[in-house]
Amino acid sequence: MISPLPHEDLGAAWRKARPRPAGRHLDSAASSRQSSRALEAAAHHARHEAELGGYVAEAAADDLLQQGRSVLGGLVGMAAADVAFVESAQAALVALLTGWRLPSGSRVACLPGEYAPNVAQLRTYGLRPQPLPVDGLGRADLEGIARLLAEDPPSFVHLTHIGSHRGLLQPAHEVASLCRDAGVPLVLDAAQSLGHVDVDLGADVVYGTSRKWLSGPRGVGMLFVGPALAAQLTPVLPEPEGEPPMRAFESGEAHVAGRVGLVVAVGDHLAAGPDRVRERLAALGRVTRELLDGVGGWRVVEPVDEPTATTTLRPPGGLDVVETRTRLLVEHGIVTSAIGPERAPGEMTGPVLRISPHLDATVDDLAALAAAL
Ligand SMILES: *Cc1c(COP(=O)(O)O)cnc(C)c1O
């Protein structure tokens, strides 16, 4: 039995707003398809740069960019002044750690399944990752975390809200409340959750990226820092006179056209209704798991009703996931990702195939994938 998908109007509208796909795009956890409006806004800004000069065009886009900071901030419960545009989620983490200047050896609690590049970044800054307690699937264990925060508090907790290697939604709201009670800052990696699930949860810092579930351009990321923590950060260079402190963490040289495209994409997200978006994405995840579990010997890792659109599949014995991913693309035009255990070596025991449909995907797309597997 396949569950029905809610908000079919939303799927149709999302599809109509985009260029026709060349195949079946089931890879939004890597990079989504942009709307024609977002593409045109970015192209329009690039043309403005040629007509007016890059810096004059940027000044002309100032109001739009400030609106964008305000709307993006609203998605995570923060204000425009708390938002810095950067180039990627990784760049946001680097900007945060650069400004924080924590003493070498400071401990940072994160999930055992933490995204490997994040762990590498923490180590580069001399920080010591320490595992948060989790259950057998890798979900944060709240009682264990309460104990850890009481007995041996780290300098901060770094929580990846939804993994890149597993479509599991972490109980970030509960973790935020435990952290607040313990006086330990919470940094939320929302690269896979902004535009996908609710991210207004009371974290001290949130960071994310444009190109995944918000369906904005590549090469744009966001760092959100609440005022209390922002006051503890020291930027490399002071902020421009009269600007909010977080502006010092924005890269001066930037793909401004990409930021403009993101602002339009966030407008699309709000117009669609974030609650409706979340409901349809969760339903797409459920249908994906219902259709694919057991097909050709592939096994779904996530619980069937996990409220995310991301599903990962373990291969039947001996099958090469990278080759499968290539075969799906070349022979069937189906875009997916092969994720090796190096992505999250503290948790993964082998490679998985990741399926991540956005609102415009259809049951037909997922059935075609099932048939191809
Ligand atoms: C993609 C991803 C990142 C990195 O985002 P970039 O924009 O590529 O730097 C960080 N964390 C998670 C969980 C991700 O999925």
Side-chain angles (χ1 to χ4, degrees), residues 26-32 34 72 76 83-98 108 110-125 129 132 134 138-140 157-170 172 175 186-197 199 201 203 205-224 249-251 254-255 258-259 261-262 265-266 281 285 301-302 306 308-312 336-348 352-356 358:
L26 301 174
D27 202 22
S28 287
S31 189
S32 282
Q34 292 185 60
L72 282 159
V76 303
V83 182
F85 283 121
V86 292
E87 277 51 63
S88 63
Q90 277 288 294
L93 180 59
V94 166
L96 173 72
L97 296 176
T98 301
V108 178
C110 51
L111 297 166
E114 185 53 62
Y115 185 65
N118 287 349
V119 173
Q121 216 57 261
L122 294 173
R123 290 197 198 285
T124 299
Y125 282 81
L132 285 168
V134 292
R139 201 188 304 274
V157 171
H158 179 281
L159 184 71
T160 291
H161 198 185
I162 299 175
S164 150
H165 68 292
R166 189 169 290 179
L168 211 62
L169 177 65
Q170 296 292 341
V175 173
L186 174 65
V187 176
L188 191 70
D189 174 345
Q192 290 292 354
S193 59
L194 261 177
H196 188 177
V197 297
V199 183
L201 306 166
V205 176
V206 179
Y207 65 93
T209 186
S210 146
R211 74 181 184 283
K212 295 178 179 171
W213 298 96
L214 286 174
S215 301
R218 295 190 62 181
V220 183
M222 301 78 77
L223 172 63
F224 308 90
F249 294 91
E250 265 188 9
S251 28
H255 181 42
R259 294 177 181 177
L262 168 63
V266 174
L281 288 176
V301 174
E302 295 77 14
E306 191 69 16
T308 68
T310 300
T311 296
T312 58
T336 61
S337 278
I339 313 274
E342 67 284 351
R343 183 77 58 101
E347 182 164 272
M348 294 179 78
V352 293
L353 186 69
R354 186 182 64 193
I355 319 302
S356 50
H358 214 309

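Each ligand, and each atom within it, is numbered from 1 in the order the structure gives. Start at 1 with the first residue, then count along the sequence.
Counting heavy atoms under 4.0 Å from ligand 1, residue Q192 touches it through the side chain alone. The side chain of A191, and not its backbone, has at least one atom closer than 4.0 Å to an atom of ligand 1 (non-hydrogen atoms only; side chain from C-beta on).
Looking from atom 5 (O) of ligand 1 to the surrounding protein, the closest heavy atom is A89 CB, 3.2 Å. Counting protein heavy atoms only, atom 12 (C) of ligand 1 is closest to D189 OD2, 3.5 Å.
In this structure, R139 and L111 have side chains that are not in contact, with every pair of non-hydrogen atoms separated by 4.5 Å or more.
Interatomic distance, CD of E114 versus CG of L132, reported as 9.0 Å (0.5 Å rounding).
Between the side chains of S28 and H358, no donor-acceptor pair of N or O atoms lies under 3.5 Å. Residues T308 and E302 bring no donor and acceptor atom of their side chains to less than 3.5 Å of each other.
Below 3.5 Å of separation, one finds no N or O of T160 facing any N or O of ligand 1. Taking distance alone, with nitrogen or oxygen atoms compared against 3.5 Å, Q90 approaches ligand 1 more closely than that limit. At a 3.5 angstrom cut-off on N or O pairs, G163 does not count as close to ligand 1.
Short contacts between ligand 1 and R211, defined as distances under 4.0 Å to a heavy atom of the residue, involve ligand atoms 1 (C), 6 (P), 7 (O), 8 (O).
At least one heavy atom of K212 sits less than 4.0 Å from an atom of ligand 1.
Side-chain atoms of Q170 come within 3.5 Å of backbone N or O of A140 as a donor-acceptor pair.
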Check the pair M222 / L214 against side-chain contact (heavy atoms from CB on, under 4.5 Å), numbers first and verdict last.
-> CA-CA 12 Å; M222 301 78 77; L214 286 174; 3.8 Å; yes

Can S251 and E87 be said to form a side chain to side chain donor-acceptor pair (under 3.5 Å), step by step?
-> CA-CA 8 Å; S251 28; E87 277 51 63; 2.5 Å; yes

